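Read the structure below first, then the notes.
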Amino acid sequence: MLETPTAFDPVTYAEAAAALLGLNLDPMWIAPVTANLRVLAAAAELVEAFPLGDEADAAPRFEA
């Protein structure tokens with residue numbers, strides 16, 4: 001059964017990610033961290049919304 005995705009909650013995400021990484025996230029930093037997560041989520045939505053046809057190839061891998 002398909003689940004309906006929930007809206008992105010940057011506060012919940014930041015707290016959960018910090019706990020998983022074993023980081024103590026100072027409450028003073030919640031606002032700046034979540035502001036950055038909101039910007040990144042908006043950028044990800046733009047990338048995700050860009051249509052790609054089935055004929056699009058993956059970019060080649062370059063190594064220096």
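Every heavy atom of this structure was used, including side-chain atoms; hydrogens, water molecules and symmetry mates were not. Keep in mind that what you see is a predicted model, and the values were worked out from it rather than measured.
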Quiz item: Of the non-hydrogen atoms in Ala14 and Thr34, which two are nearest, and what is the gap between them?
Solution: CB-CG2, 4.3 Å
Quiz item: Counting only heavy atoms not in Asn24, do more than 12 sit closer than 6.0 Å to its CG atom?
Solution: no
Exercise. Quick one: closest heavy-atom pair of Ala18 and Leu25, and the distance?
Key: CB-CB, 4.1 Å
Self-check item: Remaining members of the apolar cluster that contains Phe50, side-chain heavy atoms under 4.5 Å
Solution: Leu52
Self-check item: hydrophobic_cluster_shared for Val11 and Val39, side chain cutoff 4.5 Å
Solution: no
Quiz item: Taking a hydrophobic cluster as the set of Ile, Leu, Val, Met, Phe, Trp and Tyr residues connected by side-chain heavy atoms closer than 4.5 Å, whether directly or through intermediates, do Ile30 and Met28 fall within one such cluster?
Solution: yes
Practice problem: Check whether any side-chain heavy atom of Leu37 lies under 4.5 Å from a side-chain heavy atom of Phe8, and answer yes or no. | Solution: yes
Quiz prompt | Glu45 CD to Leu40 CG distance, which is reported to the nearest 0.5 Å | solution = 11.5 Å
